[in-house]
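What you see is a predicted model, and the numbers here were worked out from it, not measured in a lab. All chains are named by letter (A, B, ...) in the order of the sequence lines, taking the proteins before the strands, and each is independently numbered beginning at 1.
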2 protein chains.
Amino acid sequence: MLSFAEENYLKTIYHLSEGTSNPVSTNAIADTLNTRAASVTDMIKKLSNKGVVTYQKYRGVRVSEEGQKAALQVIRKHRLWEVFLVQKLKFNWDEVHDVAEQLEHIKSPLLIRRLDEFLGYPKYDPHGDPIPDESGEFKAKPQVALSDCKIGHDGVVVAVKDASAAFLQYVDKIGAYIGAKIRVIDRLEFDGSLEILIDNKKTVFISKEVSENIWIEE
Amino acid sequence: MLSFAEENYLKTIYHLSEGTSNPVSTNAIADTLNTRAASVTDMIKKLSNKGVVTYQKYRGVRVSEEGQKAALQVIRKHRLWEVFLVQKLKFNWDEVHDVAEQLEHIKSPLLIRRLDEFLGYPKYDPHGDPIPDESGEFKAKPQVALSDCKIGHDGVVVAVKDASAAFLQYVDKIGAYIGAKIRVIDRLEFDGSLEILIDNKKTVFISKEVSENIWIEE
DNA sequence: TGTGTTTTTTAGGCTTGTCTAAAACACATG
DNA sequence: CATGTGTTTTAGACAAGCCTAAAAAACACA
């Protein structure tokens, strides 16, 4: 059984591993969790003893098979609670993260099974991220960042990667929420910013950074 | 801001204070929480420094005005979550306690306000206990234990005081759940046990102890 | 009212999760 | 391939929350 803190570290290591085959560095974990490298080293030893990560001194850390399972269950709980908060309790999608961060650590398999059922077995959370099932299986929607689209390309927003309240409020304000139709009108080469048309109604300019965090279906 | 452990101690002290004007003893708290007297003394000092209890060495502890407010908010959360678990997630009432024990510590005023709204502002939890409002106000249903009823007295079950799963399953089995109609048929003087008629259908014998934990409307 | 019993507190220790400062290591670069 | 820079680990400390064992206070009752 993992503690709250252990679950948080494991989840973070899992997320930092996504998309690379490289081990995760101590500093990267410390930055993400706002702790210090020394604390991370301590915790990695504990997680390693419990078999959920593999670790070589000075060489970074990888999530083990078993650790992956555990991490996906935490992520499953987090995303199910986010669906609950938005769909049932009418939270704005920028308000859910901190609360889900707490709720994800509640220990009760029955609770999660019943919550899943109550919500109608959702496949995606309010940010468009896939919800793993009880055995850890999930399928991401095929998707591409606006920053990687050619000019003229269009599609429907399926995911928003930055979960900070400030970013989500901005996305909401320009109307680029999940389900919105977006066409890439133009790209400024010198800073990578984009001009986009939203829902065939209005065009806005977004920075390169923003365009890297809004994903449309492929 | 109180920690999980501090909230648990405070809630326990509050419950042990109900119905008496005497201070609560260290041992009583230790017994309830399955900790040792020494741990209780440590914690009482912390709570006292935070101003939520008043304390004299060797003389027991009382919940302060401010502590009462805090305790009632924890109780409010606990009971709202119980309603959610039973009404929305179809938990049996003997399954809710442990989970609610965890959920009651989630910190988010918005969450509780929205949950309350979502549930339709319930006044009582599944065990018949009143749910305090945001300012700590609540009204218990006028009620009396079966053990204090005269022979021939009848009424509807409004509360069940023992929250252990075993007891609740027993109550369920004999059909004496909340809302059931009960008439006291006879009392055996030598052990205080009762013969009762449930929902005008069947009579059962219950021990004195059981009769002290089933309450009907007055 | 003195004395034995029970309750409570103190003293000291352990684990978890955090920190700072210093030492050890890795790695890029000249 | 030596060295300097940045990263990671170790060493040692601290707070929270728990424990056991022993000392102190309260209480019960002869």
Quick one: is D:dC18 close enough that its OP1 or OP2 comes under 4.0 Å of any side-chain N or O from B:Arg36?
no
Distance, rounded to the nearest Å, where B:Leu47 contributes CG and D:dA16 contributes C1'
13 Å
Nearest atoms (heavy-atom pairs only) where B:Asp129 meets B:Arg79
CB-CZ, 3.5 Å
Between A:Ser39 and A:Arg59, which is nearer to the 5' end of DNA chain C once each is assigned its nearest nucleotide?
A:Ser39
If you check the A:Thr26 side chain, which of D:dC18, D:dA24, D:dT9 turns out closest?
D:dT9
Does D:dC18 have its OP1 or OP2 closer than 4.0 Å to a side-chain nitrogen or oxygen of B:Tyr9?
yes
Does A:Arg113 form a salt bridge (Lys or Arg N to Asp or Glu O under 4.0 Å) with A:Glu134? I'd like the steps, not just the answer.
CA-CA 8 Å; A:Arg113 231 176 299 130; A:Glu134 272 189 75; 3.7 Å; yes
Regarding B:Ser25 and B:Asn27, do their side chains bring together a donor and an acceptor under 3.5 Å, going by distance alone?
no
Using whole Å, what does the distance between atom C1' of nucleotide D:dT10 and atom NZ of A:Lys57 come to?
8 Å
Are any non-hydrogen side-chain atoms of A:Asn8 and A:His105 less than 4.5 angstrom apart?
yes
Taking all heavy atoms of B:Leu10 and all of B:Ala70, pick out the closest pair and write down the distance.
CD2-CB, 3.7 Å
Please assess A:Leu89 against A:Phe84 for the test side-chain contact (heavy atoms from CB on, under 4.5 Å), listing each intermediate value before the final yes or no.
CA-CA 7 Å; A:Leu89 298 198; A:Phe84 171 70; 3.7 Å; yes
Under-4.0 Å side-chain N/O to phosphate OP1/OP2 contact, B:Lys46 with D:dA15:
no
Sidechain-backbone polar pair: B:Lys77 side chain, B:Ile106 backbone, donor-acceptor under 3.5 Å
yes
Chain B on DNA chain C: first and last contacting nucleotide, 5' to 3', under 4.0 Å to a heavy atom?
C:dT7 to C:dT10
Assign A:Phe4 to base, sugar-phosphate, or nothing according to its heavy-atom contacts below 4.0 angstrom with the strands shown.
nothing
Separation of A:Ile29 atom CD1 from D:dT9 atom C1', in whole Å?
14 Å
Could you walk me through whether B:Lys11 and B:Glu104 satisfy the salt bridge (Lys or Arg N to Asp or Glu O under 4.0 Å) test, starting with their C-alpha distance in whole Å, then the side-chain angles of each, then the deciding distance to 0.1 Å, before giving a yes or no?
CA-CA 11 Å; B:Lys11 195 183 61 158; B:Glu104 73 187 9; 3.0 Å; yes
Nearest-angstrom distance from the residue atom CE of A:Met43 to P of D:dT9:
14 Å
In whole Å, I'd like the distance from the CD atom of B:Glu6 to the C1' atom of D:dC18.
14 Å
For DNA chain D, report each stem as range with range, ordered by first number, or say none. Use Watson-Crick or G-U wobble pairs under 3.5 Å, at least 3 in a row.
C:1-30 with D:1-30
Is the shortest side-chain heavy-atom distance between B:Trp93 and B:Ile178 below 4.5 Å?
yes
Assign B:Thr35 to base, sugar-phosphate, or nothing according to its heavy-atom contacts below 4.0 angstrom with the strands shown.
sugar-phosphate
5'-most contact on DNA chain C (nearest-nucleotide basis), B:Gln56 vs A:Ser3, goes to B:Gln56
